Structure formats: structure tokens, C-alpha cells
Amino acid sequence: MTKQKLKKSIIICLVLTVATIVAFFVLNMIYRDAQTTIIECAGSRGKVYSYDGEYYIIQKDGIYIYPDKKLVSVEDCTSITVDKDNIYTTVHDRKSDTYSIVIYDRTTGEERKSIAADEACTLLGAAEEKLYLVYKVTDTLYTLDLESYTIEKIDKEYSKDFKRTQIGKDLVIYNCGNRYVSWHHGNISSTLLGFYVAFGITDNTVCGSRTRQGIKDFEMYCKGDTYQISLGNKDNVYGDFTVSYCDDKTLAFAVTTINKEPGASFPDPSELKNHGCDSVFTYDVQSRERKEKHDFRTFERVIGISADHVVTYYKGKYLIYSRDDWKVVSEKDADEISKDGKYYFEVCGGYVFVFDDDTGECIDRIKI
């Protein structure tokens, strides 16, 4: 080899080495930014409630009317519902480890009544002088009489505004307005078989996911029949991260695939370091057939779905996609999201609400 060729080879090796080092550091920075940001959008906390054009927000120090009108000063609210006169909340007193249902005046925020609850519960809605709630531990449905303030287990009586829908032999769905209440399907609630979460409900259809040993199965129940929704690559699907849209014709929901090491337990899908990709699946409710599947980029999280749009978070921006052609129709800077933060997203009405998980503060709202 001549000196000139040797010199050229050395230069090429040096260039390749430098390029490799630069690429390593760039990818490491991207990876480090991703793994220190936690994006959660399970849609199950119920921190936002919409009524009469106003949005009521649970934050750590009280209840606010969005964006910043503080109406009630109270800590450790876990659930909220509203009617024309009152705000109903559940409160967990951490010092005494007791639970209560507290009623506030919707206009003034003044406390009207506090009723002790036996255990943690979720409020579902008020109708016909009754407040409907479900105990989380036993998954049992109750009513609170708003005149006598007595709590009674629901057996066979339901109000005209409170729907009880039987789908199939064992599946029962309770629904007050558009809010998911509870459902039962034989022995599926047992720890051996896993548990269900309903995320799309119409009068004759319920769609949900079942967790079994860390893996999510997605199923659709239509007028007595069960349909397995096959997602593909099921071993890596982890459905705690699920947002959805459902009407009489269409079901659309997002799931996350994660990168897991062989033999390792399933990591938290909200930690971006484990992220594979988010996908939106769309199904025809009538035919129960898949219409399409759309995959997003690694580290891009789906945080909201509506009839026409999908909202994602990606590298410091909120991106709004059209569901017709999957093109970005608008975007918004997400300056409040930091690389070492933890955030929770909840869809309510026509918006995606952004919460800082450390402070409990609602920090932004994105039109969907």
C-alpha cells in the first residue's frame, strides 16, 4: 500500500470514527430525553367534568373552573360529577384513611353536606334525586339518596336516566349519561383470568380490554356476541395507555407497543424509554371488522381521539392529525413539557387537558 493510499485510509477511518461518536452522542441525548419524560393517558382518573359549557377541574388544592377560577378549597379529591345545583366529590382523608362524599354549591362553592363512605368510590352521575356511585374495591353499584343522604346498594331499580344494558348472558353495562359506570362478565374479574376495562359504549355495544399476565386482549361485545379484536404482535401490546372514540358506527382506540427484554417484566408504557410505537385502530361497529391501522413514530404518543382528529405529543409539540388522510392539520408548542417531567392527559368534551403529575396542576388545554 502506498503512503497516499495509507493516508487516505487513515483519514476515512478517522472520519468514520468521529461520525460514529457523534451519532452515539446524538442518539444518546435523544434516548435520555425520552426516558426521563413520562406521558400517561389512561383516561381513568376522572379529573375533568364538563357541565353546561364549563369544565370543572380537580387539582391538588381544590376544584377549579377552567382555567383558573378556584371554586372549592379541598385536598385529595378523587372523583367529581356536577348537576345544575351542586358539585359532588369524593374525598380521601389520608390522615384518618377515611372516605367521604362531599356536596358543594355549584355557584358559591359552599359545602352543603358530607357523607361518610365505607371505601373508595367513583361518582358516576346524579339523576332523579339520587347520586350514583361505584365502590372500587368490590365493584358494587350504589345510590346516595339526596334527600335522606342514605347509601343503598342497587339491585333492580334504575332511573330513566340511568341505563342498565344486558349484552349477552353475563355482560351487564351500567351507564349514566356518557360516563362509564361498571360492567360485569361472568368470572372475568377474578385474578386468574384478569380484569376488564370498558372504553367504548353505545346502546348495544361495549368495547374493552382484558389484562392477562401483563398482556392486553381487546374485545368487542355486540348484541350478545363476543368478537376478539386481533391487533397483531400481541406480546408487546400493553394497553394501560389507551384513549378512544366510539359512536354508533365507528370505534377508534390507541394502544402502545413496548420494547421489552426477554424474560423481563412488562415496563411502564408511559416511560418513553420503553416505547415502540403508538397505533390507532379503527373498527366498523356494525360489521365488527377492522377499517384501518395507523402507526405513529417512536416516542410519539397519542393523547386524544375525536370523530375527526387525533392529537399526539412529539418532541415538544402537540400535533393534530386529520383522521381522513393522517396529515397534520395544525400544531402547538408544548413548552410546559420538560424532559424530566411526568404528565397526565385526559380527554373531556372537545379538549385534551394536560396535567403536571407532580403538582397536580392543569397546565394546558388542546382543542381536539
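Atom set for the values below is all heavy atoms of this structure, side chains included, hydrogens, waters and symmetry mates excluded. From a predicted model like this one, the values you see are computed outputs, not experimental measurements.
Remark: Lys367 NZ to Ser306 OG distance equals 9.0 Å, nearest 0.5 Å. Considering SG of Cys362 and OH of Tyr66, their distance stands at 5.5 Å, rounded to 0.5 Å. A distance of 14.5 Å separates OH of Tyr343 from CZ of Arg301, quoted to the nearest 0.5 Å. Of the inter-residue distances, the one linking Cys77 atom SG with Asp61 atom CG reads 10.0 Å to the nearest 0.5 angstrom.
A salt bridge links Asp333 with Lys317: the closest approach of a Lys/Arg side-chain nitrogen to an acidic carboxylate oxygen falls below 4.0 angstrom. Comment: Lys130 does not engage Glu147 in a salt bridge, judged by the lack of any side-chain N to carboxylate O separation of less than 4.0 angstrom. Comment: Asp284 does not engage Lys291 in a salt bridge, judged by the lack of any side-chain N to carboxylate O separation of less than 4.0 angstrom. Classification of Asp295 and Lys293 as a salt-bridged pair holds, one side-chain N sitting under 4.0 Å from a carboxylate O.
A 6.0 Å sphere centred on CD of Glu75 holds no more than 12 heavy atoms belonging to other residues, nucleotides or ligands. The neighbour count for Glu110 CD, taken as heavy atoms of other residues, nucleotides or ligands under 6.0 Å away, does not exceed 12. Within a 6.0 Å sphere centred on NZ of Lys69, heavy atoms belonging to other residues, nucleotides or ligands number 12 at most.
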Stepwise side chain to side chain donor-acceptor pair (under 3.5 Å) test for Glu300 and Thr312: CA-CA 6 Å; Glu300 183 171 10; Thr312 69; 2.7 Å; yes
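Ring planes of Phe345 and Tyr318: perpendicular class, angle over 60° (limits at 30 and 60°).
Among Val354, Val48, Ile303, the single residue meeting the side-chain contact (heavy atoms from CB on, under 4.5 Å) criterion with Glu346 is Val48.
The two residues Asp105 and Asn86 make their nearest non-hydrogen contact at CA-OD1, 4.4 Å. The minimum heavy-atom distance between Gly109 and Tyr104, with the atom names listed, is O-CD2, 3.4 Å. Closest heavy-atom contact between Glu40 and Asp357: OE1-OD2, 4.1 Å. For the pair Ile101 and Thr90, the tightest heavy-atom approach, listed with the atom from each and the gap, is CG1-CG2, 4.2 Å. Closest heavy-atom contact between Ala116 and Ile151: O-CD1, 3.8 Å. The two atoms that bring Thr150 and Ser148 nearest to each other are OG1-OG, 2.9 Å, heavy atoms only.
Side-chain N or O atoms of Thr298 include one that pairs as donor or acceptor with a backbone N or O of Gly276 at under 3.5 Å. Without hydrogens or angle criteria, Tyr313 side chain to Ala334 main chain gives no donor-acceptor distance under 3.5 Å. Between the side chain of Thr143 and the backbone N or O of Asp145, no donor-acceptor pair lies under 3.5 Å. At distances below 3.5 Å, not a single donor-acceptor pair connects side-chain atoms of Thr89 with backbone N or O atoms of Ser79. Using a distance-only test at 3.5 Å, with no hydrogens or angles considered, no donor-acceptor pair links the side chain of His309 to the main chain of Tyr321.
When side chains are defined from C-beta on, Leu71 does not count as touching Thr107, because their heavy atoms never get closer than 4.5 Å. Put simply, the side chain of Thr256 reaches to within 4.5 Å of the side chain of His275, judged on heavy atoms. Contact annotation: the side chain of Ile65 never approaches that of Tyr55 to less than 4.5 Å [non-hydrogen atoms, C-beta and beyond]. In this structure the side chain of Val310 reaches within 4.5 angstrom of the side chain of Phe296, judged on heavy atoms. In this structure, the side chains of Arg323 and Tyr245 come closer than 4.5 Å at one or more pairs of heavy atoms.
Cation-pi geometry between Arg365 and Tyr351 is met: under 6.0 angstrom from the ring centre, within 45 degrees of the axis. A cation-pi contact, defined as under 6.0 Å to the ring centre and within 45° of the axis, is absent between Lys47 and Phe353.
Taking the six-membered ring for Trp, Tyr51 and Tyr56 have ring centres at least 6.0 Å apart.
Asp364 meets the salt bridge (charged side-chain N to carboxylate O under 4.0 Å, His left out) test with Lys332; sequence neighbours excluded.
The stretch residues 77-99 participates, sequence neighbours left out, in these salt bridge (Lys or Arg N to Asp or Glu O under 4.0 Å) pairs: Asp76-Arg94.
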